[in-house]
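Here is how names work: the chains are called A, B, and so on, in the same order as the sequence lines, proteins then strands, and each is numbered from 1. Just the heavy atoms: all of them, side chains too, but no hydrogens, waters or symmetry mates, feed the values below.
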There are 2 protein chains.
Amino acid sequence: MDTQEHPSAPPAGQQRLGAQERLVRSTQELLWERGYVGTSPKAILERAGVGQGSMYHHFSGKSDLALAAIRRTAEDMKAAAEECLAAPGTAYDRVAAYLLRERRVLRGCPIGRMTQDRDVVRSAELRAPLDEMFGWLQERIAEVLTEGVRGGELAAGLDPEAVAATVAAVVQGGYVLARAADDTAPFDAAVRGVLALLASQATGSAPGPAPAAPGPAQAPHGR
Amino acid sequence: MDTQEHPSAPPAGQQRLGAQERLVRSTQELLWERGYVGTSPKAILERAGVGQGSMYHHFSGKSDLALAAIRRTAEDMKAAAEECLAAPGTAYDRVAAYLLRERRVLRGCPIGRMTQDRDVVRSAELRAPLDEMFGWLQERIAEVLTEGVRGGELAAGLDPEAVAATVAAVVQGGYVLARAADDTAPFDAAVRGVLALLASQATGSAPGPAPAAPGPAQAPHGR
DNA sequence: GTCTATATGTGGATAGAC
DNA sequence: GTCTATCCACATATAGAC
């Protein structure tokens with residue numbers, strides 16, 4: 001018989017993980033749903049199914065735990081974006097893959113959301129993962145666009161850094177518009193718009209197949 | 001001699017206003033700075049320089065006061081945007097004026113920020129002003145672009161609704177990127193990018209002067 | 001109308017037992 | 001390592017005096 005006598009709350013889907021890992025994952029979820037100020041240690045503990053002592057043993061406090069969660073989320077997002085941007089195809093195709101990838105639009109971006117949280121932005125430590133993630137994203141998109149320009153697929157006058165920032169901004173702003181409307185339509189429209197503008201930068205004399213005008217962008221968005 | 005005997009805290013800049021108006025303005029500021037969850041009645045009262053009784057006399061509670069503040073802010077934003085979009089000039093010029101207008105980028109958008117607040121988005125009443133404001137904005141930009149297409153200034157293939165959503169998203173997303181970086185540069189880059197893409201939609205055979213390639217977008221952004 | 005006093009819950013963390 | 005008990009401050013609202 002085990003000495004462990006407290007399966008108090010089986011945290012639905014994290015049964016076989018250690019307390020530390022459960023704490024990080026629960027925090028990731030709550031930060032996404034409620035933001036930093038809106039997330040209390042109590043809520044984290046309940047979701048993770050552990051007691052307070054457990055949390056303060058592994059982490060120095062709320063901000064320390066949030067730091068671990070934010071870092072984890074940023075890494076996850078980076079990996080998801082890289083999967084689209086590193087795919088085979090033209091530069092347009094790869095940027096389109098990133099823009100059209102399946103997203104639960106109405107939930108918003110777990111990293112972008114942190115940006116609206118005063119306590120996060122004011123802490124150099126908590127802000128660092130956001131800065132690093134978005135910096136990387138813009139550079140990576142710019143790289144793809146630069147390849148497109150060098151390969152003759154995209155117009156030589158295109159400014160890769162500026163358009164990369166535009167692409168990243170459209171996604172983040174699309175979330176904002178969609179949440180205001182409680183409808184994914186504005187997100188889809190914004191993506192469609194920037195893709196149409198980008199498509200018109202295709203030279204048509206590219207090595208690869210020229211991108212067709214983007215369709216209605218019927219990405220399978222969840223709620 | 002006046003019976004009023006409590007100039008307890010002169011609320012810096014709102015001296016001559018009634019308590020109700022001071023409460024609304026203080027709430028507008030605090031919602032912008034800290035969001036809905038991060039704003040306590042106590043903080044509002046302190047900034048407004050009034051007591052609790054005063055607040056609960058004019059408003060039923062925090063959410064009621066927030067509603068008044070959000071409505072006010074949405075109206076203000078609408079007026080500011082209309083000023084740019086209704087200006088004389090080509091469609092490109094008017095959209096550019098909106099995108100390049102002076103903004104305190106690192107503070108973010110007071111309306112867009114509400115979008116990240118769970119309690120706001122989940123309340124139909126609190127979300128309504130956001131929905132209405134962003135809906136109006138996108139329609140208004142689309143109108144301007146439609147005029148540009150009809151007048152032959154912009155390419156006939158341009159989709160005004162989609163590009164309008166893109167423009168609105170670039171602004172909102174630009175705020176997110178800038179706050180993550182604690183630097184206005186990503187905002188400026190995103191705006192520069194979308195303007196360059198839009199400029200390439202100009203036919204060059206327009207009635208008005210064809211827009212020059214957008215410059216470095218040295219808008220006088222404050223911190 | 002506006003103020004102060006009071007009430008109840010929660011936020012975030014510490015102490016110390018097992 | 002993990003739990004429970006305890007602590008103080010604050011969030012939000014009500015009651016009632018002036």
Side-chain angles (χ1 to χ4, degrees), chain A residues 1-11 14-24 26-27 30-31 33-69 117-120 122-123 126, chain B residues 1-11 14-27 30-31 33-69 117-120 123 126:
Chain A
M1 195 183 214
D2 205 325
T3 57
Q4 300 287 59
E5 204 56 41
H6 35 66
S8 38
Q14 309 186 354
Q15 292 83 353
R16 285 281 138 222
L17 298 169
Q20 185 168 2
E21 181 64 20
R22 292 212 301 270
L23 284 165
V24 171
S26 298
T27 305
L30 285 165
L31 287 180
E33 294 170 14
R34 311 185 189 177
Y36 185 81
V37 278
T39 296
S40 67
K42 189 185 175 191
I44 294 171
L45 300 175
E46 279 169 5
R47 186 165 301 203
V50 304
Q52 295 218 32
S54 196
M55 162 176 162
Y56 284 103
H57 173 75
H58 292 290
F59 301 94
S60 70
K62 177 180 170 177
S63 70
D64 188 36
L65 179 46
L67 179 58
D117 233 304
R118 220 189 178 213
D119 295 348
V120 172
R122 292 180 66 173
S123 155
L126 290 177
Chain B
M1 196 180 206
D2 205 326
T3 57
Q4 299 286 59
E5 202 58 41
H6 35 67
S8 39
Q14 311 185 353
Q15 293 83 352
R16 284 281 139 221
L17 298 168
Q20 185 167 0
E21 181 64 19
R22 292 212 302 270
L23 284 165
V24 171
R25 298 197 184 186
S26 298
T27 305
L30 284 164
L31 287 181
E33 293 170 15
R34 309 185 189 178
Y36 184 82
V37 279
T39 297
S40 68
K42 189 186 175 191
I44 295 171
L45 300 175
E46 277 169 5
R47 186 165 300 203
V50 305
Q52 295 218 34
S54 197
M55 162 175 161
Y56 285 103
H57 173 76
H58 292 291
F59 302 94
S60 69
K62 177 179 170 176
S63 70
D64 188 36
L65 179 46
L67 179 58
D117 232 305
R118 218 186 180 216
D119 295 347
V120 172
S123 156
L126 290 177

Engineer: To the nearest angstrom, how far is B:Lys42 atom NZ from D:dA9 atom C1'?
Structural biologist: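 One finds 8 Å between C1' of D:dA9 and NZ of B:Lys42, rounded.
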Engineer: B:Lys62 side chain: which of C:dC3, D:dT12, C:dG12 is closest?
Structural biologist: D:dT12
Engineer: Which nucleotide, D:dA11, D:dT14, C:dT14, lies nearest any side-chain atom of B:Tyr56?
Structural biologist: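 In terms of side-chain proximity for B:Tyr56, the closest of D:dA11, D:dT14, C:dT14 is D:dT14.
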Engineer: What's the CD-P distance between B:Gln52 and D:dC10, to the nearest Å?
Structural biologist: 14 Å
Engineer: Rounded to the nearest angstrom, tell me the gap between atom CD1 in B:Ile44 and atom C1' in D:dC10.
Structural biologist: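 Value for this atom pair: 15 Å.
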Engineer: Where do B:Phe59 and B:Val24 land on the side chain to side chain contact (heavy atoms under 4.5 Å, CB included) test, with the steps shown first?
Structural biologist: CA-CA 10 Å; B:Phe59 302 94; B:Val24 171; 3.8 Å; yes
Engineer: What is the separation between atom CZ on A:Arg22 and atom P on D:dT2, rounded to the nearest whole Å?
Structural biologist: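 To the nearest whole Å, that distance equals 8 Å.
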Engineer: Tell me the closest heavy-atom pair linking B:Ser26 and B:Ile44, and the distance in Å.
Structural biologist: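 Shortest heavy-atom contact: CB-O, 4.0 Å.
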Engineer: What integer distance in Å separates A:Leu30:CG from C:dG12:C1'?
Structural biologist: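 Rounded to whole Å, this separation is 15 Å.
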Engineer: I need the CE-P distance between A:Met55 and D:dT4, as an integer number of Å.
Structural biologist: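 Distance, rounded to whole Å: 15 Å.
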Engineer: Could you tell me the separation between the OH atom of A:Tyr36 and the C1' atom of C:dG11, rounded to a whole number of Å?
Structural biologist: 12 Å
Engineer: Determine the contact category for B:Ser63: base if any of its heavy atoms lies under 4.0 Å from a base atom, sugar-phosphate if only primed atoms, P, OP1 or OP2 are that close, otherwise nothing.
Structural biologist: nothing
Engineer: If you compare all heavy atoms of A:Tyr56 against all heavy atoms of A:Gly61, which two are closest, and at what distance to 0.1 Å?
Structural biologist: CE2-CA, 3.8 Å
Engineer: Within a strict 4.5 Å, meaning less than it, do heavy atoms of the B:Val37 and B:Arg118 side chains meet?
Structural biologist: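 With C-beta onward as the side chain, the pair stays apart.
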Engineer: Please report the distance, rounded to the nearest Å, between CD in B:Glu21 and C1' in C:dG1.
Structural biologist: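 It works out to 17 Å between those atoms.
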Engineer: Kindly compute the distance separating CE (A:Met55) from NZ (A:Lys62), expressed to the nearest 0.5 Å.
Structural biologist: 9.0 Å
Engineer: Could you work out which one of D:dT14, C:dG1, D:dT2 sits closest to the side chain of A:His58?
Structural biologist: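 Closest nucleotide among those given: D:dT2.
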Engineer: Which nucleotide in the set D:dA5, C:dT2, D:dT12 lies at the smallest distance from any side-chain heavy atom of B:Ala19?
Structural biologist: C:dT2
Engineer: Taking the minimum atom-to-atom distance to the side chain of A:His57, which one of D:dT12, D:dT2, C:dA13 wins?
Structural biologist: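 Ranking D:dT12, D:dT2, C:dA13 by closest atom to the A:His57 side chain puts D:dT2 first.
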Engineer: Looking at C:dG12, C:dG1, D:dT12, which one has an atom nearest to any side-chain atom of A:Ser40?
Structural biologist: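 Of the candidates, C:dG12 comes closest.
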Engineer: For a quick check of understanding: with a heavy-atom distance under 4.0 Å over all strands, which category does A:Ser60 fall into, base, sugar-phosphate or nothing?
Structural biologist: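 It contacts nothing in the nucleic acid.
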